[in-house]
Amino acid sequence: MKNFLLLSALFAVQATPAQERFVSHDLEGYYDWFHEQSQVADHYESNTTLYTFTADTKVHEGPCRDAEVLTTLPLAFPVTNLSYNDDYFLPEDEINGYGDFWYQVTGRDANGKPFRGYVWGADIAKSYHRADLNKDQTPEYLLLGISSHERKKLRDINGELRLVQDGRLLTASTVPGLCLFEDCASSSLLRVINTPQGFPVIEASTMTVGCWAGIEKAYYFYDGANFNRVYHAEYTTDHEIASESFIVNQGASAQVCQYSHEGKDYAPVWKCRPLDSQNDRAEIVMEPTRNANAK
């Protein structure tokens, strides 16, 4: 349902000067590619698999936070989506300042008990990906969802990136400004890109069409313990939010890398050079501090 609405909006937008590039044929190709890569449709179609985004996710008897709790589910736990009919009014709620709708889901909990109930939107991952980022021969769950921090102001909007293994949170990082809750009317994408230099980069991005059109992309490097935001930009307006150098250790060698530009298949291109002195490390430590002060 949402795919159809977004596609309709894409071609219905009036081509004002600020939107000419956004509604071009080039973006039509990106739109198709984006939705082939993402799990947007899974949130609106029946019998698709969704994953919990929070520990102790509550499954309620009805679409209301005061409804009886049927069971609780661990982090990154699969549930089966039971979509609403196209003419059904989605039951929505606002919790922690974020507005989202209630998912109707079914499945069996960790004890094997069957359930059929409702889970609020922020407790469901908006995008997910499986990858062996810590190289232990077992893929982890990489999840993208709504921030767990309370939204107190209108512009206080954040997403969150989480890495989960066996129901245990390994690490998490806020994605500043990434609008993922239902009121944003955006579609999200989460993917792991293997670079020619031999290291993976994580992309967390959104695409919004209509009156408020935009493509926002944040790239993260996982150093084995934490997520490091190495580039973040709003591509429609060419507004760069963050760009940081980062060190990639590869056995006996290491290199310093930074975002260069976007290449084929909408993949980022990185410029890297060998790490040859402690000055490089000191410079990278100082760079985020300088950028933070500039903001």
Side-chain angles (χ1 to χ4, degrees), residues 1-3 5-6 31 33-46 48-55 57-59 63 73-84 90-105 107 118-131 140-151 156-164 169 171-192 202-210 212 214-220 227 229 232 234:
M1 179 176 69
K2 189 172 184 179
N3 271 7
L5 293 176
L6 289 177
Y31 178 95
W33 175 89
F34 185 98
H35 286 91
E36 287 174 359
Q37 305 294 317
S38 73
Q39 292 110 9
V40 175
D42 292 355
H43 293 260
Y44 301 89
E45 295 180 357
S46 282
T48 56
T49 300
L50 305 175
Y51 291 89
T52 58
F53 190 65
T54 56
T57 294
K58 294 180 175 62
V59 181
L73 306 174
L75 185 59
F77 194 83
V79 297
T80 299
N81 187 29
L82 301 174
S83 70
Y84 302 98
L90 298 180
E92 296 188 20
D93 214 337
E94 184 175 307
I95 302 176
N96 288 336
Y98 289 99
D100 214 298
F101 73 89
W102 288 84
Y103 288 87
Q104 185 179 197
V105 299
Y118 297 82
V119 174
W120 185 60
D123 292 326
I124 295 290
K126 299 302 183 182
S127 291
Y128 60 89
H129 188 89
R130 293 209 74 184
E140 302 84 50
Y141 280 97
L142 187 62
L143 306 176
L144 178 65
I146 298 171
S147 173
S148 57
H149 298 293
E150 184 179 359
R151 182 185 176 213
D156 187 14
I157 297 172
N158 295 294
E160 193 162 311
L161 190 63
R162 297 179 178 178
L163 188 65
V164 181
L169 181 65
T171 189
S173 181
T174 297
V175 187
L178 199 68
C179 200
L180 295 165
F181 56 104
E182 185 67 17
D183 292 352
C184 304
S186 64
S187 300
S188 64
L189 171 65
L190 179 65
R191 61 172 178 154
V192 176
I202 300 161
E203 176 186 340
S205 60
T206 58
M207 180 178 186
T208 310
V209 300
W212 296 103
I215 299 171
E216 186 168 338
K217 300 183 182 183
Y219 292 107
Y220 284 79
F227 292 126
R229 186 177 62 154
H232 190 173
E234 208 296 315

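Any value given below was found using the heavy atoms of this structure, including those in side chains, with hydrogens, waters and symmetry copies removed. For the single chain, residues carry numbers from 1 onward in sequence order.
Between Tyr103 and Phe101, the ring center distance clears the sub-6.0 Å criterion.
Residues Tyr220 and Ser173 approach most closely at CE2-OG, 3.6 Å, considering heavy atoms. Closest approach of Leu178 and Ile157 over heavy atoms only: O-CG2, 3.8 Å. The two residues Tyr84 and Trp102 have their closest heavy-atom pair at OH-O, 2.6 Å. Residues Met207 and Ile215 share a closest heavy-atom pair of CG-CG1, 4.3 Å. For the residue pair Val40 and Ser187, the shortest heavy atom distance occurs at CG2-CB, 3.5 Å. Closest of all the heavy-atom pairs between Ser188 and Leu180 is CB-CD2, 3.6 Å.
Between the side chain of Glu92 and the backbone N or O of Gly99 there is no donor-acceptor pair closer than 3.5 Å. Remark: side-chain polar atoms of Asn81 are not paired, donor with acceptor, to backbone N or O of Leu50 under 3.5 angstrom. Remark: side-chain polar atoms of Ser46 are paired, donor with acceptor, to backbone N or O of Ser83 under 3.5 angstrom. With Arg162 contributing its side chain and Phe53 its backbone, the two residues share a donor-acceptor pair below 3.5 Å. Between the Thr49 side chain and the Pro78 main chain, no donor and acceptor come within less than 3.5 Å of each other.
If you take CD on Glu234 and OG1 on Thr206, they are separated by 8.0 Å, rounding to the nearest 0.5 Å. Separation of atoms CD (Glu216) and OG (Ser205) is listed at 9.0 Å; rounding is to 0.5 Å. Interatomic distance, Tyr128 OH to Thr52 OG1, rounded to the nearest 0.5 Å: 12.5 Å. Taking CD1 of Ile146 as the start and CZ of Arg151 as the end, the distance is 10.0 Å to the nearest 0.5 Å. The structure places OG1 of Thr54 at 7.5 Å from CG of Leu75, a figure rounded to the nearest 0.5 Å. Atom-to-atom distance recorded for Tyr219:OH and Arg191:CZ is 6.0 Å, nearest 0.5 angstrom.
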Check the pair Tyr51 / Thr57 against side chain to side chain contact (heavy atoms under 4.5 Å, CB included), numbers first and verdict last. CA-CA 10 Å; Tyr51 291 89; Thr57 294; over 6 Å; no
Does the side chain to side chain contact (heavy atoms under 4.5 Å, CB included) test come out yes or no for Leu189 and Trp33, once each step is laid out? CA-CA 11 Å; Leu189 171 65; Trp33 175 89; 3.9 Å; yes
Between Glu203 and Leu144, is the side chain to side chain contact (heavy atoms under 4.5 Å, CB included) condition met? List the steps. CA-CA 10 Å; Glu203 176 186 340; Leu144 178 65; over 6 Å; no
Starting from the C-alpha separation in whole Å, work towards a yes-or-no answer on side chain to side chain contact (heavy atoms under 4.5 Å, CB included) for Ile124 and Val79. CA-CA 9 Å; Ile124 295 290; Val79 297; 4.2 Å; yes
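More than 12 heavy atoms of other residues, nucleotides or ligands sit less than 6.0 Å from atom NZ of Lys217.
For the side-chain contact (heavy atoms from CB on, under 4.5 Å) criterion with Phe227, the lone passing option out of Val175, Thr174, Leu142 is Leu142.
A cation-pi arrangement is present between Arg130 and Tyr141, with the terminal nitrogen or guanidinium carbon under 6.0 Å from the aromatic centre and inside a 45° cone about the axis.
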